[in-house]
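Below is one structure, written out as structure tokens; comments come after it.
These values consider heavy atoms only, across backbone and side chains, with no hydrogens, waters or symmetry-generated copies. Because the structure is predicted, anything quoted here is derived from the model rather than measured. Proteins come first, then strands; the chains are lettered A, B, ... in the order of their sequence lines, and each starts at number 1.
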2 protein chains.
Amino acid sequence: MTGWEEIRAEVLRRIRARDWPPGALIPGEEALAEEFGVARATVNRALTALAEAGVIERRKRAGTRVAELPVRRARLEIPVIRLDVLGRGLAYGFKLLADRVEPAPVPIAARLGLPEGQPMRYLETLHLAGGRPFVLETRWLNPAVLPDPPPDFAAVSANEWLVTHVSLVSGDIAFTAEPATPREAEVMGLAPGTALLIAERTTQGVAGPVTFVRLAHAPGHRVAMTF
Amino acid sequence: MTGWEEIRAEVLRRIRARDWPPGALIPGEEALAEEFGVARATVNRALTALAEAGVIERRKRAGTRVAELPVRRARLEIPVIRLDVLGRGLAYGFKLLADRVEPAPVPIAARLGLPEGQPMRYLETLHLAGGRPFVLETRWLNPAVLPDPPPDFAAVSANEWLVTHVSLVSGDIAFTAEPATPREAEVMGLAPGTALLIAERTTQGVAGPVTFVRLAHAPGHRVAMTF
DNA sequence: ACTTGAATTATGTCTAGACATATTAGCCAA
DNA sequence: TTGGCTAATATGTCTAGACATAATTCAAGT
């Protein structure tokens, strides 16, 4: 009846009820174990989970205290575009608009940590949902991560090929709002200057930088997260 | 020398090296424990961490397999606006532009799960960074969560008051790009129709819905996340 | 062929005890 | 007062063994 999840819930309840206000030191694991009638390891499991969630802060010898400004974290599950579209109940398709090798523009090489002028694979892909433009993907890809012969990105989207074939390790995403460039307006069939949600992503792999992507989302697109 | 973190790292290495390709069943905890010369609980700790990270999928009796499409999760730490501004090395300030009680617009009441026509506190706050408009915050606040007498939101921004005084439990955020409304353009000193990054957030507390906020960010604003 | 139930098995969790490690508090000496 | 050593202490992790739980397999029985 008293598993670690129940103990986590009870501790969380006390914090929310301000029995233990922000900044307060809460009882040690030993004391809580005795109170709940479980082993210390069980209390430890519960408190470790709360610490990972940012609700409490733990330090050896100093004890466990309730976080002052509990950091609110939201998690975004970065979707594979095809599955995102299918999940909305729409038919998925894509068109490869450009595929060439050219030197990386300076800001992009810089963000990936590659030397200026490095030749990179440049791909422009229009993703379609229900036959209509959904996302315009502009991608620079480090050719060093590609096998020989390279995959055919007209058959499998680069997005998906990378997820299944390259071990991505870390990266960052940034969201901004920008007016559609003339190229974006033309390709997506929009008035120039339309407000677009832009996601820019850089990705690092085990063997160095992998890719920089700019995703221009069709008007009305929402990126939703929960916490 | 062989703690759970090292075991986690070694298992992750094998997955990345495709010793265990996506979809493959990996050896059971017992077998791994024997191989690494540790107790099963130690292997369990390592695999539990990898499962939380989305790298593997575990089911009782069926065993542990490498995730086919490892879900990439990015974490966003939702900032208190004041600290966000200060963190950019700019002076923070805010102006309370509106503060009144009025019935909630239908879509907003619906998103919070409150009855239509429910009277709510409406607040409009312009946050300033270095004296320039940074974010226009439009907020509907459930008066049931406020103490009596209610706090003075001209002195402490609602944003900050809520973080420190209400136990927020769950919610969601969505990002969109929208052209500035006439009101937004006027208040922020922009041309109407300027592309703005909009964040909409609903928050639920222990005692019911708390607040709906719309944040209109000044042009050029980036919301960055890492994974 | 189909359904039902039992045996099997891998993960999930718990216990009691142990040692490791980080950090603090207190003490003593320069 | 300051610096550094030492002891105390709370969390971190590990072990060996146990039982719980979910899911699959397989053998009956209809």
Pairwise side-chain contact, [X] with [Y], heavy-atom cut-off 4.5 Å (strictly under):
X      : Y      : result
A:L32  : A:L47  : yes
B:L123 : B:E137 : no
A:N44  : A:R58  : yes

salt_bridge(B:R65, B:E57) N-O dist < 4.0 Å: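 Salt bridge flag = no for B:E57 with B:R65.
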
message: If I take atom CD in residue A:E57 and atom P in nucleotide C:dT23, what distance separates them, rounded to the nearest angstrom?
response: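 Distance check: A:E57 CD to C:dT23 P gives 14 Å.
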
- prompt: C:dT9 P sits how many Å from B:L25 CG, rounded?
  reply: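 Whole-Å distance recorded here is 15 Å.
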
Any N/O pairs under 3.5 Å between the protein and nucleotides 9-14 of chain D? List them or say none.
unit_1 : atom_1 : unit_2 : atom_2 : d
D:dT9  : O4'    : A:R61  : NH1    : 2.7
D:dA10 : N3     : A:R61  : N      : 3.2
D:dT11 : OP1    : A:T64  : OG1    : 3.0
D:dT11 : OP2    : A:E29  : N      : 2.9
D:dG12 : OP2    : A:R58  : NH1    : 2.4
D:dG12 : O6     : A:R40  : NH2    : 2.8
D:dT13 : O4     : A:R40  : NH2    : 3.2
D:dC14 : OP1    : B:W4   : N      : 2.6
D:dC14 : OP2    : B:W4   : N      : 3.4

query: Is the number of heavy atoms from other residues, nucleotides or ligands under 6.0 Å of A:E34 CD greater than 12?
result: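 Counting other residues, nucleotides and ligands, CD of A:E34 stays at 12 neighbours or fewer.
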
